[in-house]
Amino acid sequence: LNPGGAEGAFGYDIPNLLIDHAMRNPHVPPWFWRGVNNNQNAIYLECFIDELANAAGQDPLAFRRKMMAKYPKHLGVLNAVAERVGWDKPAPQGISRGICQHMGYGSYVAAAAEVSVTGNKVKIHRIVAATNPGHAVNPAQIERQIAGSFVYGLSALFYGGITIKDGAVVERNFDTFGSLRMAEMPKVESIIMPSNDFWGGVGEPTICVVAPAVLNAIFAATGKTPQTAVLMHINDTFGQANKTAIDRIFPTMNLPFKIVESIAYDPAARDLSVEVAKAKATNADILMTVTRLNDAIILVREMVKQRWEPM
């Protein structure tokens, strides 16, 4: 994520903006992931924008539009999904909507989702995507790339995570590493809107908007910030040696799972030392989830009985 450039250009007009990063090198090496850094950056940015809109008592779409006059391409894809999903009309009974936009790998992308939440079960009823890749040489291929990337994005959201046990990865194949099934996967409505004035990507850009669109819809449905679904915003725990993270980030939320470890960072060693607390919940499992963030975060999670699951 950067103020300008093709990999992940910031699309909001905010005064006094500083975007920076700090490297952290975990002892478990990160590996390939479709969408790379934009996947988590879009979650952090777009879910936080929804939190700000909620705090300001404003509609998430209107809140974004006020900051996007200088970014017409970002705004164009956002408006496209809003119009297609019918944002200006009330959602059907029991349905909540979420929306987001991002720019990655030279292309402008947005998504809108309609979900219902029953207990800890999430059903995605509808999802709309828009992309401006500059030129659209093969629209049919672009449409399939969008749909395929959304399968990856939703699978990571609901089933992603790698468990480390005795120094080795537990998940070795698809029998242990989950992926969204056809019955769980909504139809993806694609809007391809090339402006014909640049060349952007297709295979990776759109994946990053599917998770925040669904997460924002869950937020609209429950009033809870569901950033812990798989990727969690715990950047503020770094550099605070031995400070317990239990319920520290969202202490008032009854989240499906909690961070139960204390995280210590030794700047000289450029590594993370993680001490895993003993699970206190019945039938709880300790999972170590490693994902390549800008900070290369190690996240240790206690999975209690309930978790967000697709219906």
- [ ] Determine whether F48 and L45 fall in the same hydrophobic cluster, where Ile, Leu, Val, Met, Phe, Trp and Tyr are linked whenever their side-chain heavy atoms lie under 4.5 Å apart.
- [x] yes
Open item on the list: Determine whether a donor-acceptor pair (N or O, by modelled atom type, separation under 3.5 Å) exists between the side chain of D88 and the backbone of E83.
Closed with: no
Open item on the list: Can a donor-acceptor pair be found, under 3.5 Å and without considering hydrogens, that links the side chain of N216 to the backbone of I99?
Closed with: yes
Open item on the list: Let me confirm one number: the CG-CG distance from N39 to L157, rounded to the nearest 0.5 Å.
Closed with: 11.0 Å
Task: Side chains of T206 and S149, donor plus acceptor under 3.5 Å - done: yes
Task: Taking every non-hydrogen atom, the tightest pair across P133 and S107 - done: CA-OG, 3.3 Å
- [ ] For a side-chain contact (heavy atoms from CB on, under 4.5 Å) with R64, tell me which candidate from D50, N79, D59 qualifies.
- [x] D50
TODO: Decide side chain to side chain contact (heavy atoms under 4.5 Å, CB included) for I218 and S96; before the verdict, give the C-alpha distance in whole Å, the side-chain angles of both, and the deciding distance to 0.1 Å.
DONE: CA-CA 7 Å; I218 296 173; S96 298; over 6 Å; no
TODO: Would you check if the distance from the ring center of F63 to the ring center of Y12 is below 6.0 Å?
DONE: no
Open item on the list: If I compare all heavy atoms of P60 with all of A53, which pair ends up nearest, and what's the gap?
Closed with: CA-CB, 3.9 Å
Open item on the list: Do R65 and L75 make a side-chain contact, defined as non-hydrogen atoms from C-beta onward lying under 4.5 Å apart?
Closed with: yes
Task: Any donor-acceptor pair under 3.5 Å from E171 side chain to F177 backbone - done: no
Task: Nearest-0.5 Å distance, CE of residue M103 to OH of residue Y108 - done: 4.0 Å
Open item on the list: Assess the residue pair I124 and F158 against the criterion (side chain to side chain contact (heavy atoms under 4.5 Å, CB included)); give the C-alpha distance rounded to whole Å, side-chain angles, the decisive distance to 0.1 Å, and a yes or no.
Closed with: CA-CA 12 Å; I124 307 170; F158 288 106; 3.9 Å; yes
Open item on the list: Please find the pair of heavy atoms, one from C47 and one from L215, that lie closest to each other, and give the distance.
Closed with: SG-CB, 3.8 Å
- [ ] Give a yes or no on whether Q58 atom CD has more than 12 heavy-atom contacts from other residues, nucleotides or ligands under 6.0 Å away.
- [x] yes
Open item on the list: Quick check: do M67 and I14 have side-chain heavy atoms less than 4.5 Å from each other?
Closed with: yes
Task: Non-hydrogen atoms of N132 and P194 that approach each other most closely - done: OD1-CA, 3.5 Å
TODO: For N37 and Y105, work out which heavy atoms get closest and say how close.
DONE: N-OH, 4.0 Å
Task: Residues E114, R97: salt bridge by 4.0 Å N-O rule - done: yes
Task: Check: T131 and I142 side chains under 4.5 Å, non-hydrogen atoms - done: yes
Open item on the list: Within the structure provided, determine whether V170 and I164 are in side-chain contact (heavy-atom separation under 4.5 Å).
Closed with: no
TODO: Would you indicate whether R34, at its atom CZ, is surrounded by more than 12 heavy atoms from other residues, nucleotides or ligands within a distance under 6.0 Å?
DONE: yes
Open item on the list: As an exercise, state the distance from CD1 of I43 to SG of C208, rounded to the nearest 0.5 Å.
Closed with: 9.0 Å
Task: Residue pair V115 / K123, side-chain heavy-atom distance below 4.5 Å - done: no
Task: Distance in Å, F198 CZ paired with K73 NZ, rounded so as to fall on 0.5 Å steps - done: 6.0 Å
Task: Rounded distance [0.5 Å steps], OG in S179 versus CG in L154 - done: 10.0 Å
Open item on the list: Assigning hydrophobic clusters by single linkage (Ile, Leu, Val, Met, Phe, Trp, Tyr; side-chain heavy-atom cutoff under 4.5 Å), is Y159 placed with F174?
Closed with: no
- [ ] Flag yes if L52 and L78 sit in one hydrophobic cluster, no otherwise; membership is Ile, Leu, Val, Met, Phe, Trp, Tyr, and two members link when side-chain heavy atoms are under 4.5 Å apart.
- [x] yes
- [ ] State plainly whether one hydrophobic cluster holds both V137 and I192, where clusters connect Ile, Leu, Val, Met, Phe, Trp and Tyr through side-chain heavy atoms under 4.5 angstrom apart.
- [x] no
Task: CH2-CD distance between W33 and E204, expressed to the nearest 0.5 angstrom - done: 11.0 Å
Open item on the list: Testing the basics here: between I207 and Y152, what is the closest heavy-atom pair and its distance to 0.1 Å?
Closed with: CD1-CB, 3.5 Å
TODO: State plainly whether one hydrophobic cluster holds both V188 and I95, where clusters connect Ile, Leu, Val, Met, Phe, Trp and Tyr through side-chain heavy atoms under 4.5 angstrom apart.
DONE: no
Task: Any donor-acceptor N/O pair, Q141 side chain to N138 backbone, under 3.5 Å - done: no
Task: D13 side chain near M68 side chain, heavy-atom distance below 4.5 Å - done: no
Open item on the list: Closer than 3.5 angstrom, by distance alone: can the side chain of E46 be matched with the main-chain N or O of Q101 as a donor-acceptor pair?
Closed with: yes
